[in-house]
There are 2 protein chains.
Amino acid sequence: MTGKKENILTAALELFANEGYSATSTNKIAKKAGVSEGLIFRHFKNKKGLLQALIEDAEARISRIFAPIIFESDPRKVIKTTILLPFSIEKSEYDFWKLQFILKWEVEYHKPNKMKPLIDKLTWAFSELEAEEPEKEALLLNQIVESISIGILRDGMETQNKLKSFLLKKYKV
Amino acid sequence: MTGKKENILTAALELFANEGYSATSTNKIAKKAGVSEGLIFRHFKNKKGLLQALIEDAEARISRIFAPIIFESDPRKVIKTTILLPFSIEKSEYDFWKLQFILKWEVEYHKPNKMKPLIDKLTWAFSELEAEEPEKEALLLNQIVESISIGILRDGMETQNKLKSFLLKKYKV
DNA sequence: GTCTATAGGATGATAGAC
DNA sequence: GTCTATCATCCTATAGAC
């Protein structure tokens with residue numbers, strides 16, 4: 001069950017997410033994983049390969065989380081679920097999210113269009129609800145949700161909880 | 001005018017802001033600054049000292065930018081100026097802002113209360129305008145502005161320009 | 001699959017000359 | 001103030017044994 005390869009991934013995720021990619025040495029990862037340093041390179045070729053494996057894992061999880069929104073057909077529910085999204089993240093998934101956000105600041109991993117499907121769906125929802133400028137509403141809500149996510153990951157859910165009911169009321173969903 | 005100490009600061013700022021603190025070696029900084037590596041340590045004791053000098057500089061600039069809002073007495077103008085804030089950043093200041101945001105992900109430099117004065121002022125403004133929940137309005141607007149700033153720094157001002165007039169309209173300022 | 005040993009280079013930092 | 005030379009340490013990665 002607890003293969004050593006997985007130990008490495010778990011340790012690396014926690015360290016990359018909380019201390020940064022460059023600041024984390026393969027030595028630290030190996031120690032935390034209870035594994036020899038060489039094994040990391042056997043399994044992942046190099047340090048970047050290890051990061052890549054984590055990124056792919058994280059992206060899979062994230063599209064799984066977005067799926068219920070993309071396939072929702074009630075516009076009100078699309079907006080409601082989007083607002084609730086950051087509050088429904090499980091603690092066990094925090095490091096995956098953190099990694100996402102940290103990597104946005106590392107040039108080579110930042111893809112601005114990653115949120116396009118969500119924004120498109122939100123645009124559709126707002127236009128169904130006859131908003132004056134559905135695309136801008138969508139862009140704005142997307143950014144609000146993103147900034148709430150960041151707030152939760154950095155300072156804890158309590159700091160953002162006030163905004164939850166406030167937003168639901170504001171958007172009447 | 002172009003003292004070597006300043007060269008070091010300029011080079012380090014650009015590198016720290018765009019490639020991260022840990023990913024930037026003192027060797028790279030020295031080369032970019034056209035200076036010997038040893039000089040960095042003469043002037044700033046160590047790499048952390050160099051970062052600290054930049055942080056202090058950045059914080060001074062930022063409070064200078066916030067000042068006009070804090071001392072504004074017209075609540076509508078407080079909100080308007082806050083919304084316009086990220087759009088009024090000069091290109092030459094981008095790296096200072098980037099550094100601010102990057103450091104928020106490095107535990108030891110993240111202070112969640114840094115925005116308190118702005119949030120307090122916004123709370124006051126919204127309560128003057130008789131909003132139902134002024135504190136929550138303030139928290140929300142603060143986060144919106146922060147996320148727009150991030151968007152500008154990462155993807156350019158064009159990507160955020162749509163939101164500018166949209167927000168001014170939404171907040172009727 | 002996993003470990004040990006180690007290569008080869010980069011890194012932060014110091015000492016000493018000018 | 002500034003540079004050159006140098007150090008000890010740490011880093012990523014490989015080779016070879018089990």
Side-chain angles (χ1 to χ4, degrees), chain A residues 1-58 95 98-99 102-103 105-110, chain B residues 1-58 95-96 98-100 102-103 105-110:
Chain A
M1 283 294 101
T2 332
K4 301 219 163 183
K5 191 173 174 184
E6 253 184 287
N7 282 3
I8 295 172
L9 285 166
T10 308
L13 174 62
E14 193 190 315
L15 289 167
F16 287 166
N18 292 290
E19 304 182 12
Y21 173 74
S22 301
T24 301
S25 69
T26 49
N27 177 295
K28 239 194 272 180
I29 297 169
K31 277 192 181 135
K32 193 180 184 81
V35 151
S36 76
E37 207 175 338
L39 193 59
I40 293 175
F41 297 92
R42 277 263 157 249
H43 278 309
F44 303 99
K45 189 164 192 297
N46 51 34
K47 196 183 161 187
K48 242 182 181 167
L50 173 53
L51 176 62
Q52 198 55 49
L54 286 171
I55 289 174
E56 276 154 31
D57 198 349
D95 284 340
K98 261 194 195 170
L99 186 64
I102 282 188
L103 289 177
W105 290 105
E106 310 228 354
V107 191
E108 41 183 331
Y109 293 106
H110 174 43
Chain B
M1 284 299 98
T2 331
K4 303 217 162 184
K5 192 174 173 182
E6 254 183 286
N7 283 3
I8 295 171
L9 284 167
T10 308
L13 174 62
E14 193 191 316
L15 289 167
F16 287 166
N18 291 291
E19 304 181 14
Y21 173 73
S22 301
T24 301
S25 69
T26 50
N27 177 295
K28 239 195 270 180
I29 296 169
K31 278 192 180 133
K32 193 180 185 78
V35 150
S36 76
E37 205 177 338
L39 194 58
I40 293 174
F41 297 92
R42 277 264 157 248
H43 279 309
F44 303 99
K45 187 165 193 299
N46 51 34
K47 196 183 163 187
K48 240 182 182 167
L50 174 53
L51 175 62
Q52 198 54 48
L54 287 170
I55 288 175
E56 276 155 31
D57 199 348
D95 283 341
F96 279 103
K98 260 193 196 171
L99 187 63
Q100 267 333 79
I102 282 188
L103 289 178
W105 290 106
E106 312 228 350
V107 191
E108 41 183 331
Y109 293 106
H110 174 44

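Letters A, B, ... mirror the listed sequences (proteins, then strands); counts begin at 1. In what follows, every heavy atom counts, from backbone to side chain, and hydrogens, waters and symmetry copies are set aside.
Candidate nucleotides C:dC3, C:dA13, D:dG1 were compared by shortest atom distance to the side chain of B:N46, and C:dA13 ranks first. With distances taken from any side-chain atom of A:F41 to the nucleotides D:dG1, D:dT12, C:dT4, the minimum falls on D:dT12. With distances taken from any side-chain atom of A:R42 to the nucleotides D:dC11, D:dA15, C:dG12, the minimum falls on D:dA15. The listed nucleotides are D:dT12, C:dT11, C:dC3; the one nearest the side chain of A:K4 is C:dC3.
Between the C1' atom of C:dT14 and the CZ atom of B:F44 lies a distance of 18 Å, rounded to the nearest Å. Atom pair B:H43:NE2 and C:dT14:C1' shows a separation of 16 Å (rounding to whole Å applied). Summarising the geometry, the separation between OH on A:Y21 and C1' on D:dC11 is reported as 12 Å, rounded to the nearest angstrom. Look at CG on A:L51: it is 13 Å from P on D:dT12, rounded to the nearest Å. For B:I40 and C:dG12, the CD1 to P distance is 9 Å, given to the nearest whole Å. Regarding B:N27, its CG atom lies at a distance of 8 Å from the P atom of C:dG12, rounded to whole Å. Computed from coordinates, the A:N7 CG to C:dT2 P distance equals 9 Å when rounded to whole Å. Across the protein-nucleic acid pair, A:I29 atom CD1 and D:dC11 atom P stand 11 Å apart, rounded to whole Å.
At the phosphate of D:dT4, neither OP1 nor OP2 sits under 4.0 Å from any side-chain N or O atom of B:S36. An OP1 or OP2 oxygen of D:dC11 is reached within less than 4.0 angstrom by no side-chain nitrogen or oxygen of A:T26.
Atom CD of residue A:E14 and atom NZ of residue A:K98 lie 9.0 Å apart, to the nearest 0.5 angstrom. A:I40 contributes atom CD1, which lies 5.0 Å from atom CD1 of A:I29 (distance to the nearest 0.5 angstrom).
Across the interface with DNA chain D, nearest-nucleotide mapping of A:K28 and A:K45 shows A:K28 to be the residue nearer the 5′ end.
Put simply, the side chain of B:F16 does not reach to within 4.5 Å of the side chain of B:I102, judged on heavy atoms. Looking only at side-chain heavy atoms (C-beta outward), A:K48 and A:E108 come within less than 4.5 Å of each other.
Heavy atoms of B:S22 sit nowhere under 4.0 angstrom from any nucleic acid atom.
Under the side chain to side chain donor-acceptor pair (under 3.5 Å) test applied with B:T26, the options B:K31, B:E37, B:K47 reduce to a single match, B:E37.
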